[in-house]
2 protein chains.
Amino acid sequence: MSADARTDAKPSGRSSIRDPDNNRRALIAATLDTIAEIGITDTTVSKIIQRAGLSRGMIHLHFGGKNQLLAAAAKSFAEEYFTEMDKLVQQAGNDPESIVMAVVRADLGDVLMNERSTRIWHAFRGAANTNGSIALFSSTRDKRLRTTIHTAFKTIAKDYGDEDDSILARDATFGLLALLEGMWVDYLSNANEFSRDVATSIIRRFIKGLFPHHF
Amino acid sequence: MSADARTDAKPSGRSSIRDPDNNRRALIAATLDTIAEIGITDTTVSKIIQRAGLSRGMIHLHFGGKNQLLAAAAKSFAEEYFTEMDKLVQQAGNDPESIVMAVVRADLGDVLMNERSTRIWHAFRGAANTNGSIALFSSTRDKRLRTTIHTAFKTIAKDYGDEDDSILARDATFGLLALLEGMWVDYLSNANEFSRDVATSIIRRFIKGLFPHHF
DNA sequence: ATACTTAATGGACGATCGTCCATTTCAAAT
DNA sequence: ATTTGAAATGGACGATCGTCCATTAAGTAT
């Protein structure tokens, strides 16, 4: 065995002391954790670098400033959400009914909806009005997700031969997303009293009201 | 007539230059306006007193500090909302159906739901996690409003002789409030595309799904 | 070995934060 | 008129904010 431990220290390895990408990620993670813990108002450069265990100048070095770090954190947070959502939805069946309920269960599940994420979500939403760079990544759910739900509801709506097929599907999409948003607010307000099962069954009940032969 | 013009300058009069109560209200109004305009993060003591046209020390004089002023502003904002809501609901008929729809129309009407109020609402909600004194006044809608809706739905639910009367009413209450919350988020995200009529008809459709013989 | 590029450091900087209080102003009571 | 007490003022204060950069350390190429 001529291979020694140092040989595999390729550029792509993690053994190096220096690791800009890792530090970049650490700063974003520290930012999100700080926001979740003490709120975006009290999230300062000092608190972030202290939590990340990095030096003061690194925020300016890697992001150019605090605001750009916040924007990057918002983007990263949104990407995490949609990546996880995609994963969970793809595990569902192919029939529209399963897809819709997979979205509901994913959005209300503890992976996506928890104290940390609801706090971060609302912190960014509150800040999005004035900070345009944050607003881009916190628009009401993702376009892709909206399309997924809309497509599923359009398929279902065809089973109800009424003339307002498309309006029904649009209303169901709009309403479902609003319901999910409202559940997040409710969870944020009192996480201890909130029941995921109750929330899920309520949403199912509302959807079933629109599509009595399904759900 | 021994009464001269000065006699009626009672403590409750408004003729005086000094008017502590008015200044107190002015500070709260300036705080809310500032939050709506530039966000709670950038809302500073200097910005508030500048907008109110008052002197620097007045915040400490009347409220004891910035945080207490914010709490008072949150309380005032919530009270405004519920006062207006009460007014609009009382103008409605006495049948449960009218009451529910009155709540919906009030919550989605331009008096209660507008850019200013949705921004303030979400700013406070985002800050409520860390600031307990704010949290008290921004709990998911008011208890009284919740009771009003719940009572109406219980009456309606009795017409559907199923055994899950109370669960149905509970679900309808929970779901309606979540829907309304979600609509506020949607309005905040893109106020220009938002349609109050569409939102109202969607909510009515969802409720009608639960109570097909009504709405 | 040496030169060169990039990553990382942490202190200095002016600006601004919220708080506080000595002082002044006003209005009612005497 | 004079006294008394509350309302209002605005500058001073230390603390902290975010930014920036001269310097050091680490990794790569010659």
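Reckoned from all heavy atoms, side chains included, excluding hydrogens, waters and symmetry mates. All chains are named by letter (A, B, ...) in the order of the sequence lines, taking the proteins before the strands, and each is independently numbered beginning at 1.
- Among residues at least two apart or in separate chains, salt bridge (Lys or Arg N to Asp or Glu O under 4.0 Å) pairs with a member in residues 37-48 of chain B are B:E37-B:R51.
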Starting at the 5' end of nucleotides 11-16 of chain C, put B wherever the base has a protein heavy atom under 4.0 Å, S where only the sugar-phosphate does, and a dash everywhere else. BB----
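- At C:dA7, none of the side-chain N or O atoms of A:N23 fall inside 4.0 Å of OP1 or OP2 (strictly under the cut-off).
- B:D186 and B:S189 form no side-chain donor-acceptor contact under 3.5 Å, judged by distance and modelled atom types alone.
- For residues 62-73 of chain A, proximity to DNA chain D is found at A:G65, A:K66, defined as any non-hydrogen atom under 4.0 angstrom from a strand atom.
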Atom pairs, N/O to N/O, protein against nucleotides 3-6 of chain D, distance under 3.5 Å?
from	atom 1	to	atom 2	distance (Å)
D:dA6	N3	B:R18	NH1	3.3

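- Under the rule for a side chain to side chain contact (heavy atoms under 4.5 Å, CB included), the partners of B:D110 that lie at least two apart in sequence or sit in another chain are B:R196.
- Residues that satisfy the ring pair (Phe, Tyr, Trp, His ring centres under 6.0 Å) test with A:F77, not counting sequence neighbours, are absent from this structure.
- Within the structure, every side-chain polar atom (N or O) of B:S46 is placed at least 4.0 Å from both OP1 and OP2 of C:dG18.
- Atom P of nucleotide D:dT28 and atom CG of A:D19 are separated by 12 Å, given to the nearest angstrom.
- Looking at A:D86, A:D107, A:D142 one by one, the single match for side-chain hydrogen bond (donor to acceptor under 3.5 Å, both in side chains) with A:Y81 turns out to be A:D107.
- If you measure from atom CD1 of B:I49 to atom C1' of D:dT9, you get 11 Å, rounded to the nearest angstrom.
- Among the nucleotides C:dT19, C:dA8, D:dC17, the one closest to any side-chain atom of A:K47 is D:dC17.
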Intra- and interstrand pairs of DNA chain D - dot-bracket, Watson-Crick/G-U under 3.5 Å, | marks other strand: ||||||||||||||||||||||||||||||
Donor-acceptor pairs under 3.5 angstrom involving side-chain atoms of residues 55-65 of chain A: please list them, not counting sequence neighbours.
from	atom 1	to	atom 2	distance (Å)
A:R56	NH1	A:S46	OG	3.3

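- Not counting sequence neighbours, the partners of A:E115 by the salt bridge (Lys or Arg N to Asp or Glu O under 4.0 Å) test are A:R119.
- Summarising the geometry, atom CD1 belonging to B:I48 is positioned 6.0 Å from atom CG belonging to B:L70; distances are rounded to the nearest 0.5 Å.
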Quiz: residues 149-156 of chain A side-chain donor-acceptor pairs under 3.5 angstrom, not counting sequence neighbours:
from	atom 1	to	atom 2	distance (Å)
A:H150	ND1	A:T173	OG1	3.2
A:T151	OG1	A:T147	O	2.8
A:T155	OG1	A:T151	O	3.1

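- Here B:E97 pairs with B:D95, B:H214, B:F215 under the side chain to side chain contact (heavy atoms under 4.5 Å, CB included) rule; sequence neighbours left out.
- Note on residues 168-178 of chain B: pairs passing salt bridge (Lys or Arg N to Asp or Glu O under 4.0 Å), not counting sequence neighbours, are A:R205-B:D171.
- Close to D:dT19, at under 4.0 Å from its OP1 or OP2, lies no side-chain N or O of A:H60.
- We find the OG1-CD1 distance between A:T34 and A:I40 to be 11.0 Å, quoted to the nearest 0.5 Å.
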